[in-house]
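By convention here, the first residue in the shown sequence is residue 1. Side chains are part of it too, since the values below use all heavy atoms of this structure and drop only hydrogens, waters and symmetry mates.
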Amino acid sequence: MDQHILYPSRGLIYDRNGELLVYNNPMYDLMVTYNQIDPKMDTIEFCKLLNISKEDFKNRLKKNWRSGRYSKSVPFVFLSKISAETYARFQESLYKFPGFFVQLRNVRGYPFKNAAHLLGNIREVNRNEIQKHEGTYAPGDYIGDSGLELAYENELRGEKGSRFVLKDNMGREVGPYKNREKDTDPVSGKDLITSIDIRLQSFGEELMENKIGSIVAIEPSTGQILAMVSSPTYDPNLLTINQNRGANYVKLARDSLKPFFDRSVMAQYPPGSLFKPVVALIALQENVLAPNRGISCSGAYYHLGMRLTGCHNHPYCYDIGSAIQHSCNAYFVTVFREIVDKHGFFNPQQGLDIFNSYLDKFGIGHPLGLDFPREQKGNYPSSAFYNKRFKAQKWNSIWIRSLAIGQGEMLMTNLQMANLAAIMANRGFYYTPHIVTGYIQEDGTISEKYTQQNFVGIDQIHFEPVIDGLEKVVSAGTARSAYMWDIPICGKTGTAENPHGEDHSIFFGFAPKDNPQIAVAVYVENAGFGGTYAAPIASLMIEKYLIGEVRPFREYLLNRIKESNLIELP
């Protein structure tokens with residue numbers, strides 16, 4: 001009697017509109033039981049049918065029988081990843097080769113060449129995983145390795161079945177064992193419904209071609225991820241399980257641009273001026289700033305006559321809105337210092353701790369809880385950090401002024417920046433970002449944590465002057481390149497200093513201003529000012545999602561972005 005494992009179909013993955021993103025392709029493993037091989041078999045015909053050499057045939061049967069990994073009486077994989085075409089040619093002659101049988105497997109296929117990071121891939125399990133999940137996996141099984149395939153491995157993999165067969169002394173099947181009473185059917189994995197709009201995702205990847213960075217788009221009213229682009233990317237079909245997978249993997253792994261690195265959730269960037277609206281909101285809530293307060297700027301922030309933080313030329317900032325519109329460094333350094341010094345110039349620890357308590361609520365400094373692997377937490381420096389760093393001296397708010405403009409030790413993922421835009425859109429709260437919205441096989445809802453509002457501790461009234469400023473940024477400020485007369489976009493540009501080359505171009509925003517339907521963050525490395533690349537890319541994403549197309553009068557902008565190559569090759 002032999003037991004044949006019946007492998008389940010892995011769950012499929014769909015986008016929010018019912019487009020199939022991941023399907024199953026049949027693949028075959030040729031199994032062999034060593035002590036059932038006929039020594040007189042025609043190895044020449046056998047090798048010809050499988051397109052292998054006689055030497056290869058011998059090597060595949062050579063096993064270390066003393067290792068405990070293989071047994072002459074237990075089937076093992078002789079040849080894996082046999083295509084459907086090869087199987088069709090071989091199976092007609094299979095009866096001639098006792099001891100050999102074919103096992104059907106399902107491997108992944110992708111109708112779109114997009115969303116490689118997001119969807120992830122599968123691979124063979126390793127020894128540690130077999131031991132860790134005792135009884136779940138066996139050598140040669142497949143497991144989710146990254147992306148949704150990894151995050152939802154338990155739901156996608158399904159359950160194996162088995163078939164018991166009787167064989168004669170020549171190793172040939174003669175019938176089922178005990179009328180199949182011990183046989184079990186495999187149970188297919190669950191089919192995932194995601195929030196991704198594959199049309200928007202593929203458009204974002206087009207915009208980011210020949211650029212390094214990320215786009216994340218969120219539906220503010222639900223926290224659902226609409227698109228999550230990391231660039232450079234690759235065609236997910238390159239890593240389907242076939243004879244070419246190994247070579248493709250090595251080539252991608254050796255690429256100096258690191259296409260496997262998911263810049264949406266793993267890269268931790270300085271947010272730059274995107275952070276200024278957060279400073280304004282905390283200052284308003286802490287009553288150290290009035291909405292109509294003006295602060296002068298002479299091209300820099302000065303202290304005791306010394307020029308400490310530079311600023312660009314702009315009109316006088318007469319209130320919060322104009323300060324955000326013109327992105328005045330002097331304004332926000334002043335405001336930030338007043339927050340930190342609220343409890344005394346010589347007690348900056350208490351002020352910074354209060355400031356950081358708001359950042360926690362904004363989702364900064366810790367993972368947001370996305371249903372996706374390897375999400376990084378970003379960083380904000382604590383008072384304990386500065387106490388340790390400056391232990392020989394007493395630090396004060398002047399020393400940490402770079403935090404006011406999103407520099408210094410302040411780091412965020414692009415997902416966190418998009419979530420900031422969603423917080424602005426919702427006027428004070430966010431839903432935990434998530435990608436999977438349900439399963440086709442059942443009516444069950446997703447985890448409650450994705451439907452609860454997370455409030456950031458800022459009264460809604462304080463958002464109005466800040467959002468008015470964000471609207472002015474696009475209509476008459478640093479992001480005029482993103483302006484559309486019929487879609488009111490609220491957003492903020494950022495230009496983060498990069499000691500290794502060109503500055504990084506950043507933008508976050510949402511649209512429309514009232515009843516927002518999309519929040520987006522764009523981070524383009526080594527691309528200069530935020531208004532040059534990040535802002536127009538975001539506006540094109542917004543137009544594509546809300547209108548369904550880029551209209552003719554904006555094609556000039558689309559062409560400029562698509563034709564720009566910002567990757568400096570060695």
F332 ring center within less than 6.0 Å of F275 ring center: no

When you compare the side chain of T495 with that of H504, does any pair of heavy atoms fall below 4.5 Å? no

Inter-residue atom distance S564.OG - N210.CG, 0.5 Å rounding: 9.0 Å

Under 3.5 Å, is there a donor on one side chain and an acceptor on the other for N121 and S146? yes

Give a yes or no on this: more than 12 heavy atoms of other residues, nucleotides or ligands lie within 6.0 Å of atom CD1 of I461. no

Just by distance, do the side chain of R401 and the backbone of I398 share a donor-acceptor pair under 3.5 Å? yes

If you define the side chain from C-beta out and look only at heavy atoms, does anything of L352 sit under 4.5 Å from F385? no

Do you see a donor-acceptor pair shorter than 3.5 Å between the side chains of Q416 and Y269? no

Which distance, rounded to the nearest 0.5 Å, do you find between the CG of L368 and the NZ of K377? 13.0 Å

Nearest 0.5 angstrom please: I324 CD1 to E471 CD, how far? 12.0 Å

Does H117 form a ring pair (Phe, Tyr, Trp, His ring centres under 6.0 Å) with Y234? I'd like the steps, not just the answer. CA-CA 8 Å; H117 297 96; Y234 56 93; 5.6 Å; yes

Measuring from Y431:OH to Q453:CD, what's the distance to the nearest 0.5 Å? 4.0 Å

In plain terms, say whether D371 and K449 are close enough for a salt bridge, that is, a side-chain N and a carboxylate O under 4.0 Å apart. no

Atom OH of Y249 with >12 non-hydrogen neighbours under 6.0 angstrom: no

In terms of heavy-atom contacts, Y523 and M208 come closest through O-CE, 4.1 Å

Using the rule given for salt bridge (Lys or Arg N to Asp or Glu O under 4.0 Å), can you reason through R16 versus E219, listing the C-alpha separation, both sets of side-chain angles and the distance that settles it, and then say yes or no? CA-CA 12 Å; R16 68 190 297 112; E219 184 177 63; 3.6 Å; yes

Taking only Lys NZ, Arg NE, NH1 and NH2, and the carboxylate oxygens of Asp or Glu, determine whether K562 and E555 approach each other closer than 4.0 Å. no

Under 3.5 Å side-chain donor-acceptor pair for T478 and S327: no

Closer than 3.5 angstrom, by distance alone: can the side chain of S231 be matched with the main-chain N or O of K211 as a donor-acceptor pair? yes

Using only atom types and a distance under 3.5 Å, with no angle test, would you say the side chain of D197 pairs donor to acceptor with the backbone of L200? yes

If you measure from NZ on K342 to CG on N347, what distance do you get to the nearest 0.5 Å? 12.5 Å

Does F529 CZ have over 12 foreign heavy atoms under 6.0 Å away? no

Check E338 with R293, please: is the shortest side-chain N to carboxylate O separation under 4.0 Å? yes

Under 3.5 Å: donor-acceptor pair, side chain of N454, backbone of K361: no

Crowding at CZ, F553 (>12 non-hydrogen neighbours, <6.0 Å): yes

Could E543 and R554 be called an ion pair, given the rule that one side-chain N must be under 4.0 Å from one carboxylate O? yes

For E525 and R263: C-alpha separation, side-chain torsions, deciding distance, then whether salt bridge (Lys or Arg N to Asp or Glu O under 4.0 Å) applies. CA-CA 10 Å; E525 298 181 25; R263 290 169 169 84; 3.5 Å; yes

Take atom CG of N313 as the centre, draw a 6.0 Å sphere, and report whether it contains more than 12 heavy atoms from other residues, nucleotides or ligands. no

Would R123 and E149 pass as an ion pair if we require N to O under 4.0 Å? no

Check the orientation of H326 and H314. Use parallel for under 30°, tilted for 30 to 60°, and perpendicular for over 60°. parallel

Given D468 and K513, is the salt bridge (Lys or Arg N to Asp or Glu O under 4.0 Å) satisfied, shown in steps? CA-CA 9 Å; D468 286 343; K513 180 181 180 182; 2.9 Å; yes

Does one side chain, of S475 or K472, offer a donor that lies under 3.5 Å from an acceptor on the other? no

Decide whether N237 and T240 meet the rule of one side-chain donor and one side-chain acceptor closer than 3.5 Å. no

Evaluation steps, side-chain hydrogen bond (donor to acceptor under 3.5 Å, both in side chains), between D360 and S357: CA-CA 5 Å; D360 273 331; S357 70; over 6 Å; no

Is the distance between the ring centroids of Y358 and Y380 under 6.0 Å? no

Drop me the distance from C490's SG to F510's CZ, to the nearest 0.5 angstrom. 4.0 Å

Flag the pair H434 / I225 as yes when at least one side-chain heavy-atom distance between them is below 4.5 Å, and no otherwise. no

Test item: P433 and L415 side chains (from C-beta on) under 4.5 Å apart, heavy atoms: yes

